Amino acid sequence: MTFSIASLPRTTWALFFAMACMCVLGLGDNIRGPLFPELLNFFSLSNANGSLSFAASSGAAFFGTTLSVFLLRRIHPDKLLSLSMFLMAAGLFAMGSAANFGLYLAGSVVFGLSMGTTPVAQNLMLTENVNPEVRTKALSGLHALYGFSSLIAPYLAAHSPQWFSASSVSALSSAMPVLKEWRSSFFITGFLCLLIFGVLMLVKAVPGFDYAAPEKDSSEIKNRNRKAMALMSMFFASYVAAEILVSTRLALYMRSYHNMNLEQSSLYVTYFFVFLLIGRMIFAFKKFDFHLRRQMNVSLFLSLIFLIAGMWVHPLFLTLTGLSMAPFYPLAIVYISEITGPQARKYLTFVMAVQSLVVISMHVGVGYITDAFGLFTAFGVGIILLLASLFGLNKHPDVVL
């Protein structure tokens, strides 16, 4: 039995809470990139060891995505979203208060679980409850909010210690000295997650959401679709890993090769997310007539050009990858939903699970490559990932429905 004080139509509920949760997901996910150099210094870590924090959260995200498949047979997507916000808050508070790197890793694991469950709940609620004619715009708007909160994240990471040092909150920061440190943004974001969790528990959707439909595929159809699922996972996961590589390592890259401080390097991360936001806002308001796959190919090809130019011409091109990458993720969600039809829930959860595995490999691999050969060489992994995404997108066979 649940307690509620208000209700909203199901589509309105899905849109509002998916977007609210996307904001805190973008903050929590992207304050870690600008703070990565501080993490290395505070706990005296190498790049490889520090990268374990990203790998741990990505590993937990894989488990969270996989777990979502089973949970959605027993709970509705709105309850999965509520659970996600609780886990996200717990993970952020744990990372913010960690006395050693082991405790920080434990917080990263809890946070990672929410990174796996939150996108599943959000994307399924929109793909299953929003009119197909506006689904692309809704998903682009949803992920534009990720860009918006990601844009705020570097500023929050760089300035939150100063806010807690102000005289107006001196009593609070005196009771919790950690609030004056580089980790203070974890506490701010964690509080926002708790606030959303409280509202989620008090407002219900009418009518309620549905359970996952039982699988009805024959073994023959499953076998014929195995290659399609594998190559869809390749283009989806490789793109996500490339985007995360740039966003999480850009600050360190600017500090390592261009001698920038925390605020200056965070500004470049801000540029990246400004372009990411602009690109997704364009697709939230404008529908392009040419085929989704062609739009996705253009996105990947331009991202490849900007990444190469950013490495060999000028680092500002690295920030422009935010603009070229912007439409790919929401377009990919719509594309997979359209070509898989009634099997969309199965395919989406699978590609998101594979995404987590690829991101784990990327974080660990980039950490070791950075220590052995330098971050410039590690950025070359992004080129390989984008090429893999292009291959998977253009070579996957049709799905048998």
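Every value quoted in this text rests on a predicted model; they were computed, and no experiment measured them. Just the heavy atoms: all of them, side chains too, but no hydrogens, waters or symmetry mates, feed the values below.
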Before giving the answer on side-chain contact (heavy atoms from CB on, under 4.5 Å), spell out for S337 and L348 the whole-Å C-alpha distance, their side-chain angles and the decisive distance to 0.1 Å. CA-CA 8 Å; S337 299; L348 286 172; 3.6 Å; yes
Worked check of side-chain contact (heavy atoms from CB on, under 4.5 Å) between M19 and L15: CA-CA 6 Å; M19 292 184 176; L15 285 166; 4.2 Å; yes
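Between F350 and Y347, the ring center distance fails the sub-6.0 Å criterion. In this structure, F288 has its ring center closer than 6.0 angstrom to the ring center of F283. Here F379 and Y253 bring their ring centres to under 6.0 angstrom of each other.
To the nearest 0.5 Å, atom CD of residue E338 and atom CD1 of residue I333 are 12.0 Å apart. For the atom pair CG of L145 and SG of C23, the computed distance is 4.5 Å after rounding to the nearest 0.5 Å. Note that the CG atom of L390 and the CE atom of M296 stand 10.0 Å from one another [nearest 0.5 Å]. One distance of note links CG of L331 with OH of Y239; it measures 10.0 Å at 0.5 Å rounding. Distance CE/M88 to CG/L81: 8.5 Å, rounded to 0.5 Å. Rounding to the nearest 0.5 Å places CD1 of I152 at 9.0 Å from CG of L277.
N47 has its side chain within reach of L252: a pair of non-hydrogen atoms, C-beta onward, lies under 4.5 Å apart. With contacts defined as side-chain heavy-atom distances shorter than 4.5 Å, the pair C21/Q122 qualifies. Using a 4.5 Å cut-off on side-chain heavy atoms (C-beta onward), L318 and L250 make contact. In this structure the side chain of H363 never reaches within 4.5 angstrom of the side chain of L245, judged on heavy atoms. Side-chain atoms of S108 and Y104, non-hydrogen and from C-beta on, do get closer than 4.5 Å to each other. Within the 4.5 Å cutoff, the side chain of I383 has heavy atoms near those of the L307 side chain. In this structure, the side chains of M85 and S114 stay at 4.5 Å or more apart for every pair of heavy atoms. When side chains are defined from C-beta on, M352 counts as touching F236, because their heavy atoms get closer than 4.5 Å.
Comment: E38 engages R255 in a salt bridge, judged by a side-chain N to carboxylate O separation of less than 4.0 angstrom.
Closest approach of V364 and A55 over heavy atoms only: CG2-CB, 3.5 Å. Closest non-hydrogen pair, S356 versus S58, comes out as CB-O, 3.4 Å. For the pair A157 and S160, the tightest heavy-atom approach, listed with the atom from each and the gap, is O-OG, 4.1 Å. Closest non-hydrogen pair, M125 versus A14, comes out as CB-CB, 4.0 Å. Between F235 and A332, the shortest heavy-atom contact is CE1-CB, 4.1 Å. The shortest heavy-atom contact between A251 and S265 is O-CB, 3.5 Å.
In summary, of the residues considered (L92, L27, L35), a side chain to side chain contact (heavy atoms under 4.5 Å, CB included) with S185 occurs for L35 alone. When R135, K137, H143 are each tested for a side chain to side chain contact (heavy atoms under 4.5 Å, CB included) with P330, only one passes: H143.
Between F273 and Y146, the ring planes lie perpendicular to each other; the angle is over 60°, past the 30° to 60° tilted range. Ring planes of W182 and F43: perpendicular class, angle over 60° (limits at 30 and 60°). Using bins of under 30°, 30° to 60° and over 60° for the plane-to-plane angle, the ring pair F376/W312 lands in the perpendicular bin. Note on ring orientation: taking the six-membered ring where Trp is involved, the planes of F17 and W13 are tilted (angle from 30° to 60°). Ring planes of F317 and F306: parallel class, angle under 30° (limits at 30 and 60°). Relative ring orientation between H291 and Y335 is described as perpendicular, the plane-to-plane angle rising above 60° on a 0-90° scale split at 30° and 60°.
Dense packing is recorded around OH of Y257, with more than 12 heavy atoms of other residues, nucleotides or ligands lying under 6.0 Å away. Counting non-hydrogen atoms of other residues, nucleotides and ligands closer than 6.0 Å to CZ of F63 gives a total of 12 or fewer. Within 6.0 Å of CZ on F42 lie more than 12 heavy atoms contributed by other residues, nucleotides or ligands. Annotation for F285: atom CZ does not count as buried by contact number, only 12 or fewer foreign heavy atoms lying within 6.0 Å.
Looking only at atom types and distance, the side chain of R32 has a donor-acceptor partner in the side chain of S57 under 3.5 Å away. Side-chain contact annotation: S84 with T117, donor-acceptor N/O pair under 3.5 Å present. Under 3.5 Å, the side chains of S51 and R249 contain a donor-acceptor pair of N or O atoms.
Remark: the backbone N or O of I336 is paired with a side-chain donor or acceptor of T340 at under 3.5 angstrom.
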